[in-house]
Amino acid sequence: MAKAYWLLKSEPDVFSIHDLEAAPNQTTDWGGVRNYQARNFIRDQMKPGDHVLFYHSNAEPSGVAGVAEISSAAYPDSTALDATDPYFDPKSRLEQPTWFAIDVRWVQTFAEIVSLEQLKADPALVGMEVLRRGSRLSVQMVSKLHFDRVLKMANARRKNR
DNA sequence: GCCAACGTTGGC
DNA sequence: GCCAACGTTGGC
């Protein structure tokens with residue numbers, strides 16, 4: 001089956017693309033997602049090998065910071081099951097978990113952030129979810145066209161320097 | 001720090 | 001089932 005393309009948001013003050021690159025096995029468990037639409041993406045649609053745009057939100061500048069890939073199937077989010085965890089959700093049970101996590105592995109850190117401003121300015125990216133006003137979903141589906149375009153923007157900037 | 005845009009909660 | 005209140009996200 002064809003690989004799918006995603007955008008994952010993270011606040012770099014909390015967890016950045018550099019943190020992912022420096023993590024053991026350059027991999028982290030992507031947990032703590034508490035939105036049903038995002039949960040459904042994680043649980044039902046993400047597959048190992050799927051491509052990920054790693055997006056820095058609440059950042060200076062905000063934008064796509066690099067590329068990662070999904071490296072596991074979905075599994076119950078342990079942070080929801082641990083009563084001492086800030087993401088604990090008493091409604092979630094191990095036998096019937098409400099929330100799911102997935103492993104994300106680092107692939108590439110862009111030489112420079114492809115900023116939200118640049119993304120907005122590119123006519124080829126019209127319709128991209130992250131550019132929608134009020135778009136708050138932390139897990140978003142991205143078209144292959146848009147994914148490739150962002151990669152191209154990141155590489156073009158490098159060559160032009 | 002402001003505030004628009006949401007998603008969730010809870011009273012009814 | 002409606003919807004106002006509230007909390008959160010995230011750009012600016």
Side-chain angles (χ1 to χ4, degrees), chain A residues 4-23 28-46 50-70 74-104 106-143 145-147 149-154 156-157:
Chain A
Y5 298 82
W6 306 96
L7 180 146
L8 292 179
K9 285 187 195 169
S10 185
E11 301 196 21
D13 291 349
V14 179
F15 191 84
S16 72
I17 187 86
H18 307 287
D19 295 326
L20 182 60
E21 186 172 359
T28 194
D29 51 328
W30 206 265
V33 174
R34 297 291 180 270
N35 169 286
Y36 285 101
Q37 196 181 344
R39 186 281 309 272
N40 292 345
F41 282 150
I42 292 173
R43 185 189 60 184
D44 306 333
Q45 294 193 245
M46 281 186 169
D50 281 1
H51 306 282
V52 173
L53 294 177
F54 197 104
Y55 182 88
H56 283 178
S57 62
N58 261 325
E60 197 50 56
S62 292
V64 179
V67 177
E69 66 180 3
I70 304 301
Y75 50 87
D77 183 348
S78 59
T79 66
L81 306 168
D82 175 0
T84 68
D85 194 286
Y87 290 105
F88 176 62
D89 179 357
K91 295 190 297 295
S92 189
R93 301 285 160 72
L94 184 57
E95 317 85 66
Q96 197 166 5
T98 308
W99 305 114
F100 289 79
I102 206 153
D103 287 351
V104 174
W106 176 86
V107 173
Q108 179 192 357
T109 300
F110 292 160
E112 280 180 64
I113 303 272
V114 178
S115 70
L116 181 58
E117 188 184 1
Q118 290 175 267
L119 297 173
K120 281 180 176 169
D122 190 339
L125 295 179
V126 166
M128 196 175 176
E129 166 69 15
V130 76
L131 304 182
R132 222 192 76 241
R133 182 176 168 76
S135 166
R136 300 193 312 171
L137 198 58
S138 66
V139 178
Q140 303 181 359
M141 201 178 286
V142 175
S143 74
L145 233 57
H146 287 169
F147 185 94
R149 179 69 183 176
V150 172
L151 246 63
K152 203 171 169 185
M153 290 168 80
R157 304 194 81 225

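All heavy atoms count here, side chains included; hydrogens, waters and symmetry mates do not. Chain letters run A, B, ... following the sequence lines, proteins first, then strands; residues in each count from 1. Quick caveat: nothing in here was measured; it's all calculated off a predicted structure.
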Quick one: side chains of residues 130-139 of chain A, donor-acceptor pairs under 3.5 Å with protein atoms, not counting sequence neighbours, listed by atom name and distance.
{"residue": "A:Arg132", "atom": "NH1", "partner": "A:Glu129", "partner atom": "OE1", "Å": "3.2"}
{"residue": "A:Arg132", "atom": "NH1", "partner": "A:Glu129", "partner atom": "OE2", "Å": "2.7"}
{"residue": "A:Ser135", "atom": "OG", "partner": "A:Glu129", "partner atom": "O", "Å": "3.1"}
{"residue": "A:Ser135", "atom": "OG", "partner": "A:Glu129", "partner atom": "OE2", "Å": "3.3"}
{"residue": "A:Ser135", "atom": "OG", "partner": "A:Gln140", "partner atom": "NE2", "Å": "3.0"}

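For the OP1/OP2 pair of C:dC12 and a distance below 4.0 Å, the side-chain nitrogens and oxygens of A:Lys120 include at least one atom meeting the criterion. Between A:Arg132 and B:dC6 there is a side-chain polar atom (N or O) within less than 4.0 angstrom of OP1 or OP2.
Checking side-chain atoms of A:His18 against main-chain N and O of A:Pro12 turns up no donor-acceptor pair under 3.5 Å. In terms of modelled atom types and a separation under 3.5 Å, the side chain of A:Arg43 and the main chain of A:Trp99 share no donor-acceptor contact. The main-chain N or O of A:Gly66 is never found under 3.5 Å from a side-chain atom of A:Thr109 such that the two would form a donor-acceptor pair.
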Begin from the C-alpha positions of A:Phe54 and A:Trp30 and carry the test ring-ring contact (aromatic ring centres under 6.0 Å, His included) through to its verdict. CA-CA 12 Å; A:Phe54 197 104; A:Trp30 206 265; 5.7 Å; yes

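Rounded to an integer number of Å, the gap from CZ of A:Arg133 to C1' of C:dC12 is 10 Å. A:Glu129 places its CD atom 13 Å from the P atom of C:dG11, with the value rounded to the nearest Å.
Put simply, the residue from A:Val52, A:Asp19, A:Ile17 that forms a side chain to side chain contact (heavy atoms under 4.5 Å, CB included) with A:Trp106 is A:Ile17.
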Every protein N/O lying under 3.5 Å from an N/O of nucleotides 7-10 of chain B:
{"residue": "B:dG7", "atom": "O4'", "partner": "A:Arg136", "partner atom": "NH2", "Å": "3.3"}

